[in-house]
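Here is the structure we will look at, set down as structure tokens.
Chain A is the first sequence line, chain B the second, and so forth, proteins listed ahead of strands; every chain is numbered from 1.
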Amino acid sequence: MVTSETSRLRFAPSPTGYLHVGNARAALFNWLEARRAGGQMLLRVEDTDRERSSSELVENILASLRWLGLDWDGDIVFQADNLDVHREAALSLLGQGRAYWCDCTGEQVQARAKERGGPPGYDNHCRERGLTQSDGTALRFRTPDDGVTSFFDLVRGEVSFENKTIEDFVLLRSTGLPMFLLSNAFDDAAMGITHVVRGEDHVPGTPKYLLLRDALGLGRPEVFAHLPMLVNEGRQKLSKRKDAVSVADFAAQGYLPEAMVNYLVLLGWGPKDGIEIRPLAEFVELFRLEDVTPSPAFFDVKKLQHINAEYLRALPVAEFLERARPFLSGPEVEAVLAPIAALIQERVRLLTEIEPMVAFLLDGPLVEDDASWDKAMVKGKNASEMLDATIAGLVDLDQWVAEPIRAAIEVAAISVGLVNAEGQAQLSKAQGPVRVAITGRSVGPPLFESLEALGQTRTLNRLRAARARL
RNA sequence: GCCCCCAUCGUCUAGCGGCCUAGGACACCGGCCUUUCACGCCGGCAGCACGGGUUCGAAUCCCGUUGGGGGUGCCA
């Protein structure tokens with residue numbers, strides 16, 4: 001057994017699915033505590049379910065962890081490598097009378113439970129039958145008939161279970177392969193894990209874990225911390241099947257890893273000073289497992305988006321472009337984005353929103369938004385006059401930069417009567433038809449800078465095309 | 001059914017017996033700024049599930065009720 005004076009934590013994902021935000025949060029809380037305490041953050045892949053595990057999923061999980069910036073110490077432990085050791089440990093229990101062979105099938109167990117009308121679950125049917133190993137026999141752990149198993153949980157305090165309510169669970173499947181609880185409990189001990197930090201769904205399994213470790217003479221971890229579940233709108237545990245929660249998907253949607261991590265820290269915990277958006281290093285300083293709240297938290301994409309937008313805006317422009325690049329369809333998009341990147345940066349929440357916002361600067365069919373056209377060109381006042389005046393004002397403009405363009409449009413607005421009581425141009429109204437003619441939409445980056453970026457020829461072409469359509 | 005857990009604004013949280021007339025953030029609603037949008041600024045709406053205790057004093061401690069969740073696999 002590994003012994004250590006420093007704390008040792010682990011994230012132990014099962015590669016039976018991609019890494020979802022709930023897993024990521026568990027990994028993060030382990031990581032925060034390990035880094036805060038100067039302990040070890042270990043990674044163990046729980047691949048004892050050969051049927052459902054796959055190397056692609058292992059890769060997905062590792063890639064997501066790397067993307068999040070959650071590093072780990074030492075080599076990754078693959079549980080499948082230790083299966084023989086786990087099996088031997090389980091078999092050693094046989095001699096002590098702490099385990100026995102059982103030949104009941106799942107159907108039989110269920111049928112008997114239904115028949116007696118009692119609670120579902122195993123009824124200790126084979127406990128005293130003295131079966132020997134044969135085809136179809138599974139090894140079950142004999143749980144005590146009395147007494148209490150309890151443990152201290154940093155999040156929930158003292159939690160205890162009456163042993164008589166704990167069923168005789170399976171240690172080895174009839175195929176001889178170890179079950180989760182066996183491998184999990186054994187490897188935690190083997191790796192010298194001091195802090196078991198995982199989801200609340202593991203609470204009911206904890207007494208079994210403890211009973212098993214006691215029987216195996218493996219000692220107990222110092223503390224447990226069962227984190228509150230992450231739930232959906234229906235307040236149900238997040239499900240990979242029903243909820244869109246893959247970390248890789250969030251990455252693909254244009255979320256920044258630092259924003260995702262920052263948001264995740266806030267689920268089930270909060271800094272006392274109320275400052276929610278801050279560098280990871282500060283969270284490492286402030287985070288305490290004992291301050292984690294015990295109640296479930298709703299994963300709110302709206303807030304995630306807000307935090308992402310904050311991080312996006314805080315980026316130096318050069319880095320913003322750097323981060324945007326993988327989300328642009330080609331170098332030509334980057335070329336048109338670069339000059340107005342600062343203007344785009346404060347208008348997007350996701351990296352995937354960038355390209356649609358600069359698409360009007362590219363050649364090709366303009367995306368026409370009917371509602372925008374209707375609003376500016378049909379319902380808006382003086383649209384055709386405004387377009388005519390704008391064309392007239394811009395056609396001979398010598399300096400094609402924002403300020404002279406603004407001045408010309410201002411003159412055009414005044415000429416068609418779009419003025420306020422003081423006779424000043426009402427640019428907010430005047431820019432409507434021009435914007436829609438140029439970009440096809442009623443919202444977008446600042447107009448004059450957009451025209452400058454588009455160039456005189458293309459601006460005039462689009463204005464004339466729109467005018468012709470009226 | 002049985003076991004376990006949970007309960008502060010719509011949401012995430014601060015609060016750990018007096019500092020609470022319950023604070024912040026997101027969302028939402030007004031307003032300001034303004035070339036649209038966005039940003040920013042100002043303001044608003046909105047919460048201690050309920051009932052009993054304990055205490056001079058309870059969002060904070062205890063009990064119960066109600067409500068919600070998790071587990072109950074030869075999945076992890």
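- The base-pairing partner of B:rG1, taking Watson-Crick or G-U wobble contacts with both distances under 3.5 Å, is B:rU72.
- Backbone-only contact: A:Pro294 has heavy atoms under 4.0 Å from sugar-phosphate atoms and none from a base.
- Within 4.0 Å (heavy atoms only), A:Gly432 reaches no atom of the nucleic acid at all.
- Considering only side-chain atoms of A:Pro296, the nucleotide from B:rC6, B:rC5, B:rC37 that sits closest is B:rC6.
- Between A:Phe151 and A:Phe161, the angle of the ring planes stays under 30°, which puts this pair in the parallel group of the 30/60° scheme.
- Here the side chain of A:Asp49 is nearest to one of B:rG40, B:rU13, B:rA76, namely B:rA76.
- Closest to the A:His306 side chain, of the nucleotides B:rG73, B:rU8, B:rA27, is B:rA27.
- The structure places CZ of A:Arg441 at 11.0 Å from CZ of A:Phe360, a figure rounded to the nearest 0.5 Å.
- The residue A:Ser428 sits close only to the backbone: its heavy atoms come under 4.0 Å of sugar-phosphate atoms, none of a base.
- Of the candidate nucleotides B:rG71, B:rC75, B:rC4, B:rC75 has the atom nearest to the side chain of A:Met179.
- Heavy-atom distances under 4.0 Å link RNA chain B to A:Arg235, A:Gln236, A:Lys237 of residues 224-243 of chain A, given in residue order.
- For A:Thr293, counting side-chain heavy atoms from C-beta on, the closest listed nucleotide (B:rA14, B:rA76, B:rC37) is B:rA14.
- Listed candidates were B:rC5, B:rC4, B:rU11. Nearest to the side chain of A:Glu200 is B:rC5.
- Contacts of A:Thr48 with the nucleic acid, taken as non-hydrogen atoms under 4.0 Å apart, involve only primed sugar atoms and P, OP1 or OP2.
- When the side-chain nitrogen and oxygen atoms of A:Thr165 are compared with OP1 and OP2 of B:rC2, none of them lie within a distance under 4.0 Å.
- Around the CD atom of A:Gln399, the shell of radius 6.0 Å holds no more than 12 heavy atoms that belong to other residues, nucleotides or ligands.
- Taking the ring centre of A:Tyr122 as origin, the terminal cationic atom of A:Arg140 falls inside the region bounded by 6.0 Å and 45° from the ring axis.
- Side-chain atoms of A:Arg156 and base atoms of B:rC5 include no donor and acceptor less than 3.5 Å apart.
- Residue contacts for A:Leu447: at a heavy-atom cut-off of 4.0 Å it reaches a base atom on one of the strands shown.
- With distances taken from any side-chain atom of A:Glu167 to the nucleotides B:rC4, B:rC12, B:rG73, the minimum falls on B:rG73.
- Note on A:Arg140: a side-chain N or O is less than 4.0 Å away from OP1 or OP2 of B:rC74.
- Listed for the A:Asn30 side chain is a donor-acceptor partner under 3.5 Å among the backbone atoms of A:Ala26.
- Using a 4.0 Å heavy-atom distance criterion, A:Glu46 is classed as a sugar-phosphate-only contact.
- One N or O donor and one acceptor, one from the side chain of A:Arg52 and one from the base of B:rC75, sit under 3.5 Å apart.
- Here A:Arg173 reaches the OP1 or OP2 of B:rC75: one of its side-chain N or O atoms lies under 4.0 Å away.
- Using a 4.0 Å heavy-atom criterion, one finds that A:Gly106 contacts no nucleic acid atom at all.
- Put simply, the side chain of A:Tyr263 reaches to within 4.5 Å of the side chain of A:Asp300, judged on heavy atoms.
- B:rC19 sits 31 Å from B:rA27 when the P atoms are compared, rounded to a whole Å.
- With a cut-off of 3.5 Å on both pairing distances, the Watson-Crick or G-U wobble partner of B:rA25 is B:rU11.
- The side chain of A:Lys272 sits closest to B:rA14 out of B:rU8, B:rA14, B:rU36.
- A donor-acceptor pair shorter than 3.5 Å cannot be found between the side chains of A:Thr137 and A:Asp103.
- A:Ser295 and A:Thr293 form no side-chain donor-acceptor contact under 3.5 Å, judged by distance and modelled atom types alone.
- Look at the C1' atom in both B:rC29 and B:rC48: the space between them is 24 Å, to the nearest Å.
- If you take CD of A:Glu346 and C1' of B:rU34, they are 12 Å apart, rounded to a whole angstrom.
- With distances taken from any side-chain atom of A:Lys302 to the nucleotides B:rA27, B:rC75, B:rG71, the minimum falls on B:rA27.
- For the pair A:Lys208 NZ and B:rC3 P, the computed distance is 15 Å after rounding to whole Å.
- Donor-acceptor pairing under 3.5 Å is lacking for the side chains of A:His20 and A:Ser246.
- At a threshold of 4.0 angstrom between heavy atoms, the contacts of A:Phe448 include nucleobase atoms, whether or not backbone atoms are also involved.
- B:rG73 and B:rC16 have their P atoms separated by 42 Å, given to the nearest Å.
- In the set B:rU35, B:rA7, B:rG71, the nucleotide with an atom closest to the side chain of A:Arg435 is B:rU35.
- Each of A:Asp103 and A:Val443 has a nearest nucleotide on RNA chain B; the 5'-most of these lies closest to A:Val443.
- Pairing for B:rA49 is with B:rU65, a Watson-Crick or G-U wobble pair whose two hydrogen-bonding atom distances lie under 3.5 Å.
- Following rounding to the nearest Å, A:Asp201 (CG) and B:rG73 (P) show an atom-to-atom distance of 15 Å.
- Tested against A:His226, the residues A:Glu200, A:Arg156, A:His202, A:Arg198 include a single side-chain hydrogen bond (donor to acceptor under 3.5 Å, both in side chains) partner, A:Arg198.
- B:rA76 has A:His202 stacked on its base ring, the centres lying under 5.5 angstrom apart and the planes within 30 degrees of parallel.
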